[in-house]
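Read through the structure below, which is laid out as structure tokens, and then see the notes.
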Amino acid sequence: QVQLVESGGGSVQAGGSLRLACVASGYIYNNYCMGWVRQAPGKGREGVAAINSVGSTNYADSVKGRFTISKDNAKNTLYLQMVSLKPEDTAMYYCAAAARDYGFTGRGECNAFNAWGQGTLVTVSA
């Protein structure tokens, strides 16, 4: 079982930047897909960005050109660099992992996520 712990959330003004980090521990899947999903107040969970074991990435249309997902395998850490933040980016951001790489949904997430962190809150004010 993998454990995921996020950090880096906070409050920023529109146009600002934040970098989220997710440290994975426990059983690290050899062939995995990882990503970030978010849930805004009163809305459902949506994919943001995902990256697979060979470094291919997939982004939600709403964050393309503003967010960048990356990973440091040596540190078992996943990152999400967010720039040009908008009030509509306000949400709880969750790190997620899939035990196997079944590809992307095409909407910034991996197929078959089966582990999630507790989340880190991002608040963007106008």
Side-chain angles (χ1 to χ4, degrees):
Q1 186 77 19
V2 65
Q3 290 81 45
L4 305 171
V5 179
E6 304 96 334
S7 63
S11 297
V12 296
Q13 291 188 326
S17 302
L18 284 173
R19 188 176 81 154
L20 306 183
C22 170
V23 177
S25 60
Y27 180 76
I28 307 300
Y29 304 120
N30 291 325
N31 181 23
Y32 61 89
C33 188
M34 296 187 70
W36 294 91
V37 297
R38 67 186 181 185
Q39 187 166 19
K43 296 188 177 180
R45 196 169 288 190
E46 64 173 354
V48 176
I51 187 167
N52 66 10
S53 58
V54 296
S56 297
T57 58
N58 186 253
Y59 294 91
D61 288 343
S62 59
V63 306
K64 283 179 181 177
R66 300 188 299 121
F67 291 9
T68 303
I69 190 170
S70 62
K71 60 188 176 73
D72 185 332
N73 289 336
K75 296 181 178 180
N76 290 331
T77 301
L78 180 73
Y79 299 100
L80 184 68
Q81 178 68 51
M82 305 184 293
V83 301
S84 301
L85 282 161
K86 304 176 180 180
E88 51 263 44
D89 294 317
T90 294
M92 186 71 79
Y93 284 71
Y94 299 91
C95 178
R100 292 291 184 268
D101 183 1
Y102 295 114
F104 302 124
T105 64
R107 298 181 300 276
E109 57 189 333
C110 309
N111 282 309
F113 277 140
N114 65 339
W116 290 267
Q118 294 300 305
T120 186
L121 182 62
V122 172
T123 303
V124 185
S125 57

*Heavy-atom pair with the smallest gap, counting every atom of A14 and A126*: CB-CA, 4.4 Å
_Partners passing salt bridge (Lys or Arg N to Asp or Glu O under 4.0 Å) against R107 (at least two apart in sequence or in another chain)_ = none
*Does the pair K64/D61 count as a salt bridge with the N-to-O cut at 4.0 Å?*
yes
*Roughly how far, to the nearest 0.5 Å, is the CH2 atom of W36 from the CD atom of E109?*
15.0 Å
*Kindly check if the number of other-residue, nucleotide or ligand heavy atoms within 6.0 Å of CD (Q39) is above 12?*
yes
_Q13, CD: over 12 other non-hydrogen atoms inside 6.0 angstrom_ = no
*Is the closest side-chain heavy-atom distance between N52 and F104 below 4.5 Å?*
yes
*For V12 against S17, the heavy-atom pair lying closest together*: CG1-O, 4.0 Å
*Test item: Y79 and R19 side chains (from C-beta on) under 4.5 Å apart, heavy atoms*: yes
*Please check if L78 and M92 belong to a single hydrophobic cluster, counting links between Ile, Leu, Val, Met, Phe, Trp and Tyr side chain heavy atoms closer than 4.5 Å.*
no
*asked:* Which heavy atom of L4 sits nearest to which heavy atom of A24, and what is that distance?
replied: CD2-CB, 3.8 Å
_side chain to side chain contact (heavy atoms under 4.5 Å, CB included), that's the test. Do V122 and M82 meet it? Break it down for me._
CA-CA 10 Å; V122 172; M82 305 184 293; 3.9 Å; yes
*Yes or no on side chain to side chain contact (heavy atoms under 4.5 Å, CB included) for F67 and L85, after CA distance, side-chain angles and deciding distance?*
CA-CA 9 Å; F67 291 9; L85 282 161; 3.8 Å; yes
*Distance in Å, N58 CG paired with I51 CD1, rounded so as to fall on 0.5 Å steps*: 11.0 Å
*If every non-hydrogen atom of W116 is compared with every non-hydrogen atom of N114, which pair is closest and at what distance?*
CZ3-C, 3.6 Å
*Find out if a path of hydrophobic residues (ILVMFWY) with successive side-chain heavy-atom gaps under 4.5 Å connects M34 to F113.*
no
*Only pairs at least two apart or in different chains count here, so list each disulfide (SG to SG under 2.5 Å) that has a residue in residues 57-122.*
C22-C95, C33-C110
*If two hydrophobic side chains count as joined below 4.5 Å and joins carry through other members, does L20 share a cluster with V124?*
yes
*Roughly how far, to the nearest 0.5 Å, is OG of S53 from CG of N73?*
9.0 Å
*So if you build clusters from Ile, Leu, Val, Met, Phe, Trp, Tyr with side-chain heavy-atom gaps below 4.5 Å, do I69 and V48 land together?*
yes
*Given the rule that I, L, V, M, F, W and Y join up when any side-chain heavy atoms are under 4.5 Å apart, are L121 and Y94 in one cluster?*
yes
_Side-chain touch V2/Y32, heavy atoms, less than 4.5 angstrom_ = no
_Of all pairs that satisfy side chain to side chain donor-acceptor pair (under 3.5 Å), the ones with a partner from residues 40-51, not counting sequence neighbours_ = R38-E46
